[in-house]
Amino acid sequence: MLDAFLHINIAQTLFAAIIIVVTKRPLNITDKLLSAWLFFVMCSFVMKLININFQDHFEFDLIGRGAIITLSFPSFLYLYVKYLISGVSKFKSIDLFHFLPFVFISFYVLFLSYYNPNFSNLLYSNGNVGLLLIMFGVVSIAIFTLYGYYTIHLLNKYRKTVDDLYSFHNTNVSLKWVWTLVLIFYSYYFLAIIINGLNKAFEIDFRMSNILIPVYTFFIYTISFRGYVQPKLLAQKEETEDNKPTESYQKSGLKKSDADKYAKMLTKLMQEEKLWLNPEVNLNEISRHIGIPQHYITQVLNEQLNKNLYTFVNEFRANEVIHLFKEEKYKNWSIIAIAFEAGFNSKSSFNTFFKKFTGKTPSEYRKELAPGESS
């Protein structure tokens, strides 16, 4: 059974890696990182398959299981998230240092396995776990924990800024699929640590492969498909750690008189040109339309209007919904059809925002405007 899953996973990872590189245009740095990661995942499965079929030929079982290759996975996931949310197009050479632990351990262990005659004693001593395996376990836990923390930290920072960049919510913008991916990835890893610990403590012979391979099958299909359809996000200005928005605004150089002028320009733009009718209008499009730098728009919205872009744009959409509720032409339209007509692109986002904006659900509000009328 595991053989079948392994063959499926090898074929899927190789196929997905090739398809992304060959067919996706434009090909972003995140696509290249994803393809490289899928190739490494494929290599780990190939080693696992070889280990099952030729187990007696391997002195160092971890090599056969591809365990060392998995040390590169946290770095790939971290860099994928980093470049995805930053929106930058060029890979920075300094980020190659994130793979140093993986490269160092790989060469160190491979060197020992070939040239050290006492290598077996480093793995197992008198039937017990040897020093090398203990060190490998400690380093693995450290790498996964550290990169797990930084990956989640990046996603949290992005979640706080996404409403400054977009006027809408969807899976690609909110990156909910990435959150799910990260949680599955690290939940499985730390579950593996617990189960392996219980195996050693209570001499239970439960093989993690029974869970690992099917879970990775789901994991591969998810990241392959979602990664392929994921568009490039808007580029964000890099900030220093713990840099408060008010502190960065103080250094922006925007004068109070210009800020007031820009606030009026933004409001006038929305009132006259109705950009909010575009369900996917974002900060970049508004910036190009009005000729004001993106960071100035964000500053003006936050400081002058005390709003983010999401709130600013959707207030116009909500007011348009209220206006359409009163129009005879839309009397027989469903509420969600009116919401889409006003520029909303999601039923859940519309209901949530409208309730927050008016204090009433859309159906409650409509009934109060037309007593006895059904929505």
Side-chain angles (χ1 to χ4, degrees), residues 1-21 23-24 28-52 62 64-85 98-99 102 140-141 143-152 154-155 158 171-172 174-196 206-231:
M1 184 59 151
L2 287 182
D3 275 12
F5 274 112
L6 283 170
H7 283 96
I8 292 172
N9 291 348
I10 291 170
Q12 171 64 17
T13 48
L14 181 60
F15 176 77
I18 293 173
I19 287 296
I20 290 172
V21 172
T23 68
K24 188 169 182 183
N28 301 316
I29 183 60
T30 50
D31 301 319
K32 296 175 183 178
L33 280 168
L34 179 58
S35 296
W37 186 14
L38 288 170
F39 178 78
F40 271 65
V41 173
M42 182 200 71
C43 291
S44 71
F45 285 130
V46 169
M47 287 186 172
K48 174 62 180 175
L49 188 62
I50 293 173
N51 184 70
I52 290 176
L62 286 176
R65 294 180 182 275
I68 293 180
I69 291 181
T70 63
L71 292 182
S72 68
F73 294 177
S75 299
F76 274 116
L77 182 54
Y78 169 77
L79 290 176
Y80 180 80
V81 171
K82 176 184 175 181
Y83 281 95
L84 183 60
I85 66 178
H98 289 288
F99 295 101
F102 159 70
S140 298
I141 292 173
I143 290 175
F144 274 77
T145 302
L146 183 66
Y147 278 95
Y149 168 79
Y150 281 115
T151 302
I152 293 173
L154 281 178
L155 287 170
Y158 173 75
T171 301
N172 289 335
S174 64
L175 298 185
K176 289 182 179 179
W177 74 271
V178 178
W179 272 104
T180 303
L181 193 74
V182 169
L183 292 176
I184 291 175
F185 181 79
Y186 284 103
S187 295
Y188 167 78
Y189 178 76
F190 288 108
L191 177 63
I193 293 176
I194 294 173
I195 291 178
N196 285 330
F206 180 81
R207 295 184 178 276
M208 279 302 297
S209 299
N210 297 331
I211 298 178
L212 170 63
I213 307 302
V215 167
Y216 259 115
T217 302
F218 169 78
F219 181 86
I220 291 166
Y221 273 97
T222 301
I223 194 172
S224 299
F225 173 75
R226 293 304 320 180
Y228 186 84
V229 300
Q230 174 66 44

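Atoms considered below: every heavy atom in the structure, side chains included; atoms not considered: hydrogens, waters and symmetry mates. Residues take their numbers from the sequence shown, with the count starting at 1.
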Distance check, rounded to the nearest 0.5 Å: [X] atom [atom1] versus [Y] atom [atom2]?
X	Y	atom1	atom2	result
Met42	Ile69	CE	CD1	9.0 Å
Asp31	Thr23	CG	OG1	9.5 Å
Phe99	Phe40	CZ	CZ	7.0 Å
Leu34	Arg226	CG	CZ	12.5 Å
Thr30	Tyr83	OG1	OH	11.0 Å
Ser44	Phe39	OG	CZ	11.0 Å

Considering residues, nucleotides and ligands other than [X], do more than 12 of their heavy atoms fall under 6.0 Å from its [atom1]?
X	atom1	value
Phe219	CZ	yes
Tyr189	OH	yes
Phe190	CZ	yes

Return the minimal non-hydrogen interatomic distance between [X] and [Y], and the atom names on each side.
X	Y	value
Ser174	Trp179	O-CD1, 4.3 Å
Val21	Ser35	CG2-OG, 3.3 Å
Pro231	Leu84	O-CD1, 4.2 Å
Ser224	Ile20	O-CD1, 4.5 Å
Lys24	Gln230	NZ-O, 2.9 Å
Thr145	Ile141	OG1-O, 2.7 Å

Close side-chain approach of [X] to [Y], heavy-atom, < 4.5 Å:
X	Y	value
Tyr147	Tyr186	yes
Phe73	Leu77	no
Leu79	Trp37	no

Aromatic rings Tyr80 and Trp177: how do their planes relate, parallel, tilted or perpendicular, breaks at 30° and 60°?
-> perpendicular
Can you say whether the rings of Tyr78 and His98 are parallel (under 30°), tilted (30 to 60°) or perpendicular (over 60°)?
-> tilted
Please answer whether the main-chain N or O of Gly148 pairs with a side-chain N or O of Thr151 as donor and acceptor at a distance below 3.5 Å.
-> no
From the list Ile220, Leu14, Val46, side chain to side chain contact (heavy atoms under 4.5 Å, CB included) with Val41 holds only for Ile220
Under the side chain to side chain contact (heavy atoms under 4.5 Å, CB included) rule, what do Leu154 and Tyr150 come out as? Steps first, then yes or no, please.
-> CA-CA 6 Å; Leu154 281 178; Tyr150 281 115; 5.7 Å; no
Residues Ile223, Leu38; criterion side chain to side chain contact (heavy atoms under 4.5 Å, CB included); working and verdict = CA-CA 9 Å; Ile223 194 172; Leu38 288 170; 4.1 Å; yes
